[in-house]
Amino acid sequence: MDIDLTAWQILIVKLLIILTVVPVGALIGGYVLHKEMAHMQHRLGPMYAGGWHGWAQTLADGIKFAYKEDIIPASADRRVFSMAPAVIFVPVLLLFLVIPIDRTLIIEDLDVGLFYLLAIGSVGAIGVLMAGWSSANKYALIGALRSAGQLIAYELPIVLSAAAVAMLAGSLSLVTIVEAQDWPFILWPPGIGLALFMLFILGAMAEMSLPPFDMPVAESELITGPFTEYTGMRFIFGFFFAETAHMIAFAGIGTTLFLGGYKPIVPWGPLEVIPGIIWFFVKTAFMIFLLLWIRFSFPRLREDQLQKFAWKFLIPLSLALILATGAWILYGPGG
Amino acid sequence: MAIKDPELQHLQDSSAFADEVSEGRLVTEQMLLNVGPQHPATHGVFRLLATIDGERIVRAEPVVGYMHRGYEKLVEQRDYRQITNLISRMDWLSGINNELPLALALEKLMEIEVPPRAQYLRVALAEMNRILNHLMFFQSFAAELGAITPTFYAFREREDIQYAMESVTGGRMHFGFFRPGGLKEDVPKGFIAMALASIRKVIERLPDYEDLLTGNEIFKQRTINIGLLEKEVAYAYGVSGPIGRGSDIDMDVRRDEPYLVYDEFDFDVCTAPHGDCFDRFWVLLHEIIESAKIVEQALEALPPGPILGKVPRVVEAPKGEVYIRTENPLGELGFYLVSDGGKRPYRIKIRTPSFSNVSALPHVLRDTLVADMIAILGSFFFVLGDVDR
Amino acid sequence: MALDHVDERLERARKPGFGIGLLKGMLVLLKHLFKRNTVIQYPEVKQDLSPRTRGVIALKEENCTVCMLCARECPDWCIYIDSHKETLPPKRKGGRPRKRNVLDRFAIDYALCMYCGICVEVCPYDALFWSREFEYAEYDIRQLTHEKERLSDWMATVLPPLELEEGAELPGQAKPATATTPAAPAPTQGATAGTPASTSSSAAEARPEQVTEAPKTPTAVPEASKPATAETAAEPAPETAKPTEGLKEATEEQQMDASATTTPEPAAKIDAGGGVAQEGTQAEVEEATAAETPAGPTSSAVTETPVAQPPAPVKPTPRPEDLEAPEAAYTRVVEAQKEAGSSPQVAEARAKVARVKAERALTQARAATPQQAAADPEPSGAAAAGEPEPAQGPVAPAEQDDPVPAQGPVAPTEQDDSVPAETGDEPQGAAEPAAEPQSAEGEQPEAAAEDPEAVYERVLAEERSKGSSDPVATARAKAARMRAIKGTLGPADG
């Protein structure tokens with residue numbers, strides 16, 4: 001049966017998909033976070049909310065936050081204060097537009113998909129600055145400044161590693177990039193692929209202010225950094241949701257760029273029967289697991305160490321990798 | 001941009017202002033940052049007045065006293081058994097080590113002989129408490145640096161040991177178990193096995209902690225050469241315990257002036273020469289190993305016999321004064337007991353390790369970064385109850 | 001002293017690791033991800049707490065006699081007790097109406113309670129018990145004051161006390177067999193009795209150590225615990241300790257344990273000495289007597305000692321010189337009692353008891369070893385007058401009932417014996433002539449055993465103390481010496 005929809009209707013459907021899938025995904029992601037953290041720390045995590053192993057914990061958290069009083073500090077800049085969470089959250093939503101879940105399942109297959117991703121991903125930095133500045137709080141300000149510096153610094157490894165991937169694939173369209181990948185995924189080109197993947201991971205973690213790069217939100221020092229003055233729904237959307245949804249988005253992007261997206265892990269007959277969606281979710285789940293695993297293991301880097309690490313190590317490395325990728329393309333067997 | 005400083009007003013209208021900025025002579029103000037008294041990174045109600053210039057601390061002044069409960073006055077109004085129960089709340093992480101100098105002081109004044117079984121059990125319990133204390137600081141240091149996982153591992157180990165101590169004393173944190181002349185009661189069946197099992201589990205998992213933290217490059221970057229406390233300065237401030245030993249002060253009351261039966265046990269005193277956060281942490285971890293050794297030796301060689309010496313029904317210290325030093329997990333704990341021959345002391349002056357340790361903070365915190373301040377505070381093992389009494 | 005190997009590891013740990021350490025750390029977490037979880041999911045699953053856990057205090061009302069000790073000792077003053085006195089009709093006709101304390105109110109305010117357990121510990125009638133229940137949180141703080149009824153309800157949750165670990169001593173159950181080895185060091189204290197270091201503490205030792213509810217003789221002296229170094233010099237001596245000392249320890253222990261269990265029953269302990277027996281001092285006398293009765297307690301009042309009989313046959317009878325001289329026992333007990341603050345009559349009475357027991361012990365010992373009797377010097381006070389140290393060497397350990405004050409009594413009592421006038425105690429001086437016939441009696445069968453010279457010195461000292469003039473004193477001393485050589489009776493004997 002062919003459904004004929006006008007362009008507007010298609011747009012609304014697409015928006016609805018994003019607006020439902022992403023928060024649900026964030027809820028599930030949050031639950032996975034709690035549970036994984038708990039079991040790695042030799043404890044159980046949520047067990048009550050919803051009955052069976054606390055599956056509804058994040059849902060309950062979200063509803064709880066909806067009940068909270070919306071407090072805006074007296075000396076805060078009201079408009080900026082109110083807008084900041086939106087400026088952080090909406091770009092995250094928009095990231096999901098171009099991630100291919102299956103060959104034909106993509107909200108919008110942009111020709112410049114990768115470029116779009118990287119561009120949208122950087123808008124969040126402005127939101128953080130807005131939040132910190134408008135809070136009229138010394139600690140929030142320190143946090144916002146640290147955060148802004150960190151986000152800018154770690155944009156480059158992500159951009160450069162993504163650029164290298166685009167070079168290898170020969171296109172900025174994400175579907176093409178996935179199609180261009182073959183097994184073994186991150187191990188090819190040898191060495192370069194793995195290094196690019198590591199760069200991407202580190203950059204992504206810093207973009208999301210996950211430990212070990214969470215100095216801006218160093219809880220033991222600045223409480224929640226730029227979001228110290230936020231409560232209730234603003235907090236949830238600007239901080240928690242953004243972080244979790246961002247993590248899922250980056251996991252999806254990482255899967256797409258490095259792990260082969262919706263392709264089966266091994267190009268083996270029986271495995272290809274399984275639809276691409278499943279593969280995509282399996283790989284994204286693995287990425288999320290990896291990100292969270294790193295998150296729980298390490299103490300945080302000091303701000304200047306963080307910056308040093310980015311500017312003196314990661315960025316030169318990524319530039320070198322770009323050169324190497326170029327060399328590979330020109331002179332290597334990839335062609 | 002308007003220049004508020006009157007001295008620099010003349011620059012407002014000139015292009016020389018830009019030159020001032022570019023030449024780096026722009027005047028900046030120092031900010032007074034109040035860390036605490038409510039702050040997650042300080043071990044309690046501890047206030048630090050930090051004068052910072054950007055991210056660099058110019059001067060830091062600790063303000064203590066937020067937890068002063070007047071112990072030295074309280075004990076003047078209570079008899080010795082009540083004091084035993086009260087005093088374990090001073091340094092609450094090493095509960096039983098606080099009761100120890102009191103018991104020793106009374107034994108010295110009243111010249112009571114403590115039976116060997118009681119001595120051995122005292123050593124075992126005190127060392128188990130030391131392990132509890134060190135595990136606590138291990139996790140708090142890691143948590144302040146952002147590593148959230150060690151907290152749960154440490155508390156899991158603590159749980160086993162605390163369970164063992166609860167089966168003996170009835171309490172998990174405040175024990176009230178030592179009496180002049182020995183112990184309140186003997187240990188129940190199965191305690192030795194339980195205690196040894198819990199200690200061995202800690203030792204088994206210690207390599208995990210080393211992997212998780214001391215081997216971690218990020219941790220090393222945050223703690224090596226941070227918070228240097230030179231040996232002479234540490235001596236001058238009377239810093240003792242793991243902090244002192246982390247600054248190469250080779251002092252341990254258990255070895256230098258053995259009390260109880262410490263001279264019968266084979267254990268090493270761990271010191272580290274550099275005096276930075278990493279070394280202090282290293283000493284902390286290795287002291288756990290040494291304490292475990294002592295507990296094993298004490299419990300395996302536990303002699304049979306009574307656990308209380310001949311003590312009068314009413315504990316009255318004769319007239320006199322005595323000073324007892326013991327090795328609290330945090331350092332040297334001293335009780336100066338002045339008795340006028342009654343049921344209550346005339347005066348007990350308590351020399352707490354944390355107070356001296358904290359007094360070294362201004363020196364250590366000079367010219368460090370704000371983020372390092374957290375690491376340094378974490379590596380300085382002090383308990384506010386001990387600082388303020 | 002920093003060990004080199006620790007330093008090496010430290011230096012290696014401080015080196016940068018280029019990311020390997022990070023991976024190792026991550027692996028630790030992965031390992032724990034797959035480990036079995038040990039979380040106890042409270043409140044569905046509760047931890048099995050120890051019976052000693054300080055959860056809540058339960059009251060056994062029928063045991064409470066409203067002595068108010070718990071309320072008095074509570075550091076937080078959180079126990080509220082009200083009572084009134086009732087007069088009950090006499091039990092039998094012509095008797096006295098009995099007064100009784102009736103408990104009106106017994107409340108513990110758990111909002112104040114610091115769960116220290118002092119009240120449970122001090123209750124002499126076992127009316128308070130610990131229970132491990134802790135789930136009694138309330139919304140209203142006033143509900144946290146538990147009244148009598150609620151406290152009695154908690155009794156249902158009280159668990160029996162735990163069985164103790166091996167090697168623990170239960171009251172009344174000394175283990176002298178195992179105690180002999182640790183008892184070995186005890187004599188060393190006696191050996192060092194003469195040393196100056198211990199004399200300084202001797203005065204302190206002379207103070208009686210009254211027995212508490214769980215007194216155990218420190219069978220093995222923890223030398224290491226004492227800062228005084230006098231004992232350390234005596235460390236090698238344990239190897240040469242005589243087995244008799246062990247027996248002594250054992251019997252003291254028995255005595256001690258016997259007295260230990262009777263703390264709430266002072267009446268049972270009244271001995272021939274008479275006077276009001278305080279629980280503690282009575283036991284102290286018991287110790288004093290125990291030293292002289294290696295064969296077993298002679299005091300009829302002590303009924304709990306049968307428990308500790310077994311070791312007695314194993315040990316050889318102590319030699320006479322190992323036992324405390326009666327005079328020495330007397331003076332020691334008097335000193336001890338004086339220090340304890342007993343009245344003179346009580347002190348004298350107890351001292352007399354001690355002396356009698358010492359004499360009996362001597363008699364028995366001499367009867368057991370007649371062949372040695374001739375060779376051995378009489379371990380009486382006379383010998384003390386001569387050379388305190390060498391002669392008292394073997395005796396001194398005998399004098400120690402409790403290893404702690406062991407050194408103490410020896411020195412002063414020796415001096416007392418040699419210069420009784422210094423004590424200047426009228427009761428003591430008066431008692432001495434009375435003591436003499438007894439001691440002479442005791443000596444009778446063993447007259448040949450006593451060293452005549454020692455007799456001479458002793459009698460001389462005694463006469464002098466009584467205030468006799470010099471010629472009289474020397475004459476009497478000579479006569480006593482002659483009697484000792486000949487084995488005849490004197491005017492004071494018989």
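Lettering of chains follows the sequences in order, A, B, ..., and the numbering in each one begins at 1. Note that the structure is a prediction, hence the values are computed from the model and not measured.
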Chain C heavy atoms under 4.5 Å from [X]: which part of the residue, side chain, backbone, both or neither?
X: B:Arg179; answer: side chain
X: B:Tyr163; answer: side chain
X: B:Ile218; answer: both
X: B:Thr149; answer: side chain
X: B:Phe219; answer: neither
X: B:Gln221; answer: neither
X: B:Asp276; answer: side chain
X: B:Arg89; answer: side chain

Checking B:Asp266 now: which residues fulfil side-chain contact (heavy atoms from CB on, under 4.5 Å) with it, not counting sequence neighbours?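 Expected list: B:Gln297.
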Taking only residues two or more places apart in sequence, or in another chain, which ones meet C:Tyr42 in a side-chain contact (heavy atoms from CB on, under 4.5 Å)?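 Counting only residues at least two positions away or on another chain, C:Tyr42 forms a side-chain contact (heavy atoms from CB on, under 4.5 Å) with C:Lys46, C:Phe134, C:Glu135.
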Using side-chain heavy atoms (C-beta onward) and a distance below 4.5 Å, is [X] in contact with [Y]?
X: B:Glu159; Y: C:Gln47; answer: yes
X: C:His32; Y: B:Arg156; answer: yes
X: B:Tyr209; Y: C:Val28; answer: no

Is a salt bridge present between B:Arg81 and C:Glu121, judged by a nitrogen-to-oxygen distance below 4.0 Å?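 So B:Arg81 pairs with C:Glu121 through a salt bridge.
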